[in-house]
Protein chains: 2
Amino acid sequence: MAREVGLAQLTLREVADRVGMRAPSLYSHFDSKHAIYDAMFGQAWTECLAVSNAALAQVPPDARGALHLAARTFFDFAVSDLPRHQLMNLRTIPGFQPSAESYAPAVATLELARDLFGRHGMTGQEELDLYVALVGGLVDAQHANDPGGDRWSRLVDRAVDMFVDHLDLDEEQHPPNRKKERS
Amino acid sequence: MAREVGLAQLTLREVADRVGMRAPSLYSHFDSKHAIYDAMFGQAWTECLAVSNAALAQVPPDARGALHLAARTFFDFAVSDLPRHQLMNLRTIPGFQPSAESYAPAVATLELARDLFGRHGMTGQEELDLYVALVGGLVDAQHANDPGGDRWSRLVDRAVDMFVDHLDLDEEQHPPNRKKERS
DNA sequence: GTCTATACACCGATAGAC
DNA sequence: GTCTATCGGTGTATAGAC
């Protein structure tokens, strides 16, 4: 329903209609409307964690390849569903704060990224923060300025190359991929 | 009022109260609540355009220094006022779409950045798009993950250095600022 | 226990008197 | 141009049937 009418346009009466109930009956299952958003939040991040784990299973051994796969995986996941992304990352619902329980798979996903970074010798918080901002910025720009298109999607690989070059992360068998070279 | 109670928590009744009117009287001045948001949107971007122009007046001649100033100016402006940033850049208000008139100062601000890029030989759309995503990502990460702090603010200079290094933009009097050197 | 029926307070918006 | 009165719709809550 969020994908059809928009995340913030959910009404309890229509939600109830779609599951064959009256609106007040929802309170037998959820404490409030925010509790429904909270369940959706946890569900979305659990799904993201699963996708990330699946991608991690076939991650290349080199840092550049690993970050390429990680960034592309998260980018595609975030771009493929705007309402879900609004719920997961943006604070679109006024006053909504995820519960600690629903937040757990979100921190677990970030922990996955932290492990991947540590695997290639990047243990600093700043490097991970910069990476998070870079990939998140690409996602937001894609959604905000070219919804449904690929104008920023085409920049993901280049952005990761820029990041890897900046940290001089390559091992010897993978030469630096400087400047405007694309795969 | 948006800074006090939040952007989405504006109610026509309290807005009217604060200007000494009754709620329906607002409709003599604005067609709808969205029209009020639209006026605020135009006002915010007009202010951003003015700040950008002021910064541009004292921009250094070299590309690296210019991008440092431009990024810092926009970042600080966007971070200093969350409700304003939500209105300008995020789509926090459900269903709100800025009018062409209010959108004009936004495109003018982007045009300023495009001119600055062209001044240093960067005429490609991709370079500007990547820059927009990078700075926007830093702003969003700062707001979302460390509101009121400076965890991503401290990364702005480094991010710009990474970007400038990637494009090999330096003229000879300014040596590349590789790796983790901070000013 | 789970649902239906009903009510409350609030919202944006409109109609019409002055 | 501002007001009063009011409308339909919303999230939320409670009472009570089955």
Side-chain angles (χ1 to χ4, degrees), chain A residues 1-45 81-103 106 144, chain B residues 1-45 81-103 106 144:
Chain A
M1 178 176 169
R3 294 189 192 100
E4 291 181 23
V5 305
L7 181 65
Q9 278 70 32
L10 292 190
T11 69
L12 296 184
R13 285 166 175 82
E14 189 175 350
V15 169
D17 249 25
R18 297 203 180 202
V19 294
M21 292 195 311
R22 303 292 197 181
S25 305
L26 294 176
Y27 282 83
S28 304
H29 306 270
F30 297 93
D31 287 340
S32 69
K33 189 183 186 184
H34 277 180
I36 298 181
Y37 282 127
D38 193 56
M40 295 167 67
F41 180 94
Q43 190 171 318
W45 272 108
D81 193 331
L82 172 58
R84 186 180 60 189
H85 177 249
Q86 289 176 329
L87 181 60
M88 292 171 63
N89 299 93
L90 279 7
R91 291 289 171 260
T92 292
I93 305 301
F96 169 69
Q97 286 272 55
S99 65
E101 184 182 351
S102 295
Y103 202 73
Chain B
M1 178 176 170
R3 294 190 192 100
E4 291 180 24
V5 304
L7 181 65
Q9 278 70 31
L10 291 190
T11 68
L12 296 184
R13 285 166 175 83
E14 189 176 350
V15 169
D17 249 24
R18 297 202 181 204
V19 294
M21 291 197 310
R22 302 293 196 178
S25 304
L26 293 175
Y27 284 84
S28 303
H29 306 269
F30 297 93
D31 288 339
S32 68
K33 190 185 186 183
H34 277 180
I36 298 180
Y37 282 126
D38 194 57
M40 295 167 66
F41 180 94
Q43 189 171 318
W45 272 109
D81 192 332
L82 173 58
R84 185 180 61 189
H85 177 249
Q86 288 175 330
L87 181 60
M88 291 172 63
N89 299 93
L90 278 8
R91 291 289 170 260
T92 291
I93 306 301
F96 169 69
Q97 285 272 55
S99 65
E101 183 182 352
S102 295
Y103 202 72

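Just the heavy atoms: all of them, side chains too, but no hydrogens, waters or symmetry mates, feed the values below.
- Between F96(A) and H34(A), the two ring planes are perpendicular [angle over 60°; tilted spans 30° to 60°].
- Within the 4.5 Å cutoff, no side-chain heavy atoms of W45(A) are placed close to those of Y103(A).
- Considering only residues two or more places apart in sequence or on other chains, F30(A) meets the side chain to side chain contact (heavy atoms under 4.5 Å, CB included) condition with A35(A), I36(A), A39(A).
- Atom CG of D31(A) is separated from atom C1' of dT12(D) by 12 Å (rounded to the nearest Å).
- Checked by atom type and distance alone, the side chain of S102(B) never pairs as donor or acceptor with a backbone atom of S99(B) at under 3.5 Å.
- Residues E4(A) and R18(A) meet the side-chain proximity criterion, which asks for heavy atoms closer than 4.5 Å.
- Using a 4.0 Å heavy-atom cutoff across all strands shown, H29(A) reaches sugar-phosphate atoms only and no base atom.
- For the pair R3(A)/D81(A), a side-chain contact is recorded, criterion being any heavy-atom separation below 4.5 Å from C-beta on.
- Between H34(B) atom NE2 and dC11(C) atom P the separation is 16 Å, expressed in whole Å.
- The phosphate of dT14(C) has neither OP1 nor OP2 within less than 4.0 Å of any side-chain N or O from Y27(B).
- For the pair S32(B) and L26(A), nearest-nucleotide mapping onto DNA chain C gives the more 5' position to L26(A).
- For DNA chain D, the neighbouring residues in residues 2-23 of chain A, judged by any heavy atom under 4.0 Å, are L10(A), T11(A), L12(A), R13(A).
- Closest approach of L7(B) and Y37(B) over heavy atoms only: O-OH, 2.8 Å.
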Kindly give the atom pairs (protein nitrogen or oxygen, nucleotide nitrogen or oxygen) under 3.5 Å for nucleotides 15-18 of chain D.
none

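- Rounded to whole Å, atom P of dA13(D) lies 13 Å from atom NZ of K33(A).
- Remark: S25(A) is in phosphate contact with dT4(C), judged by side-chain N or O atoms under 4.0 Å from OP1 or OP2.
- In terms of heavy-atom proximity, S32(B) sits nearest to Y27(B) at CA-CE2, 4.0 Å.
- Going from atom CZ of F30(B) over to atom C1' of dT2(D) covers 16 Å, rounded to whole Å.
- Counting heavy atoms from C-beta outward, L10(B) and M40(B) have side chains that approach closer than 4.5 Å.
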